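Okay, structure first, notes after.
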Amino acid sequence: MASAQPSADVLIIGSGIVGAALAWRLAQRGVHVTIVEARQWGGEASWAGAGMLVPGSEYETASDHMRFALQSLSLYPSFVRELSEASGRPIDFTACGSLELAATEAELASIAHRAARQAELGVRAELVSPSHLQRLIPGIEPHLAGGYLYPAEGQVDPRTVMAALRIACGRAGATVIEGEPVVALEWDRASLYASMGSGKVRKARCGVLAAGAWASQLGKYLPPVYPVKGHLIGYPMDPGSLPHVLRYHHTYVVQRQSGYTIAGTNEERSGYDRAVNPDACLEIAARARKLWSLLPERPADTWIGFRPGVDSEGPHLGRWKDSPLWLAYGHYRNGILLAPATAERLSLHILASL
Ligand code: GLY
């Protein structure tokens with residue numbers, strides 16, 4: 001192919017937390033990595049995400065996906081420590097525990113049933129009575145049937161992770177290119193060629209498609225991914241005013257160490273429409289405030305993000321057929337949680353293939 005740019009060992013398409021963490025891990029291991037981003041570093045789901053690290057309420061069955069999520073959760077403390085050291089940047093991560101709440105005895109029984117299955121995978125979950133809930137979280141909805149505390153779970157501010165990954169990738173020698181969309185991919189046995197919107201062609205020994213909700217646009221033959229829009233809302237609050245992540249079905253409340261508190265969410269299949277719907281935000285605010293009455297009446301901030309939705313329980317991870325293209329997309333609601341394990345697993349497989 002003519003006019004190819006100097007080649008990389010690995011070209012990563014997409015600078016969300018999955019692509020960026022993988023780029024860092026590969027560059028640390030001496031691989032010549034180039035990461036290309038259509039818009040701006042970590043500017044999509046990794047900017048929007050609440051950063052809940054709560055596999056206990058995300059996975060129904062003791063599947064390999066659940067095991068992978070638990071592995072990623074267990075990697076978080078060392079991932080954050082190492083990344084913070086490599087970048088010199090603070091990362092807001094707290095293993096504060098999460099509380100899954102039940103409004104009825106039937107809901108509580110259903111969480112208990114799931115928790116019993118999860119216990120076989122080593123997941124700890126503790127029953128919390130209604131009166132204990134009231135003592136634990138002043139202002140919590142008074143009519144709950146109880147809840148389960150997952151003490152090993154927590155939250156991370158993905159924006160602090162992305163800022164640190166930007167520096168760590170640079171320090172490890174990865175090349176970062178922003179504002180350059182890839183418009184087509186081709187390959188032969190030895191190389192992958194990415195045609196860029198600018199007309200350039202970037203060549204690499206292999207590529208990784210980590211473009212989240214946009215990934216399958218690069219080939220009709222690729223496993224599909226679709227955008228699932230979610231609204232989030234934020235409130236400045238006192239640090240420490242909410243000791244655990246709260247969750248009731250699709251309503252959640254997460255507090256950063258600064259006190260900034262995020263509530264979510266909804267799910268919309270409305271394409272890539274970036275408009276923030278004020279009514280959707282007010283509806284989330286009402287749900288969140290019913291759960292925890294200390295939230296102010298109106299949020300200070302509102303935003304949206306696009307989850308990379310897939311029809312399977314877990315993401316597409318691994319080599320695409322016999323090609324030099326690797327897939328790393330479709331993390332749906334759990335991209336932030338799954339990033340450390342995704343980067344670890346794929347970096348080892350890719351290194352072995354080079
Ligand atoms: N990670 C939670 C959500 O997607 O809303």
Side-chain angles (χ1 to χ4, degrees), residues 16-18 21 42-60 65-66 68-70 72-73 76 92-101 150 152-162 212-215 225-235 242 244-256 260-274 276-277 280-281 283-288 291-292 295 299 301-315 329-342:
I17 192 168
V18 168
E44 298 288 357
S46 303
W47 174 85
M52 292 198 303
L53 306 175
V54 295
S57 51
E58 283 288 329
Y59 294 87
E60 284 302 319
H65 296 300
M66 173 81 182
F68 189 58
L70 291 172
S72 209
L73 180 67
Y76 245 97
D92 180 349
F93 160 70
T94 35
C96 53
S98 82
L99 261 174
E100 187 173 11
L101 303 166
Y150 288 85
E153 299 192 339
Q155 70 83 34
V156 68
D157 179 349
R159 298 181 195 177
T160 63
V161 176
M162 292 312 299
W214 291 263
V225 60
Y226 47 85
V228 184
K229 180 175 171 180
H231 284 78
L232 291 121
I233 57 182
Y235 312 79
L242 181 64
H244 304 298
V245 175
L246 300 183
R247 176 166 207 177
Y248 177 65
H249 295 286
H250 286 314
T251 307
Y252 54 74
V253 187
V254 185
Q255 189 167 78
R256 305 283 187 237
Y260 191 78
T261 302
I262 295 172
T265 185
N266 67 348
E267 297 207 341
E268 299 171 23
R269 294 282 292 269
S270 51
Y272 299 94
D273 169 19
R274 291 184 183 274
V276 174
N277 175 352
C281 296
E283 189 268 329
I284 293 166
R287 272 193 270 135
L291 213 54
W292 189 44
L295 280 173
D301 306 301
T302 59
W303 65 96
I304 62 104
F306 297 110
R307 306 174 185 90
V310 283
D311 292 326
S312 50
E313 199 194 1
Y329 64 82
H331 293 69
Y332 191 27
R333 304 169 51 85
N334 289 302
I336 309 302
L337 168 65
L338 298 176
T342 298

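Reckoned from all heavy atoms, side chains included, excluding hydrogens, waters and symmetry mates. Whatever order the structure lists them in is the order used to number ligands and atoms, beginning at 1. The chain is numbered in sequence order, starting from 1. Fair warning: this is a prediction, and the values are worked out from it, not measured in the lab.
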>> Regarding ligand 1, does N334 bring an N or O atom to under 3.5 Å of one of the ligand's N or O atoms?
In response: no
> Relative to each other, are the rings of Y76 and F93 parallel, tilted or perpendicular (30° and 60° limits)?
Replying inline: parallel
>> Give the atom numbers and elements of ligand 1 that come within less than 4.0 Å of a heavy atom of T265.
In response: 5 (O)
> Do Y252 and ligand 1 have an N or O pair less than 3.5 Å apart?
Replying inline: yes
>> For atom 4 (O) of ligand 1, what is the closest protein heavy atom, and at what distance to 0.1 Å?
In response: R307 NE, 2.6 Å
> In terms of side-chain heavy atoms, does Y260 have a donor or acceptor partner in D301 at a distance below 3.5 Å?
Replying inline: yes
>> For R333, give me all partners under salt bridge (charged side-chain N to carboxylate O under 4.0 Å, His left out), at least two apart in sequence or on another chain.
In response: E58, E267
> Where is the nearest protein heavy atom to atom 1 (N) of ligand 1: which residue, which atom, and how far?
Replying inline: R333 O, 2.7 Å
>> Would the distance check show the side chain of H65 and the main-chain N or O of Y59 forming a donor-acceptor pair, the cut-off being under 3.5 Å?
In response: no
> Counting distance only, does the side-chain N/O of R159 pair as donor-acceptor with the main-chain N or O of W47 below 3.5 Å?
Replying inline: yes
>> Heavy atoms only, cut-off 4.0 Å: how does H250 contact ligand 1, side chain, backbone, both, or neither?
In response: neither
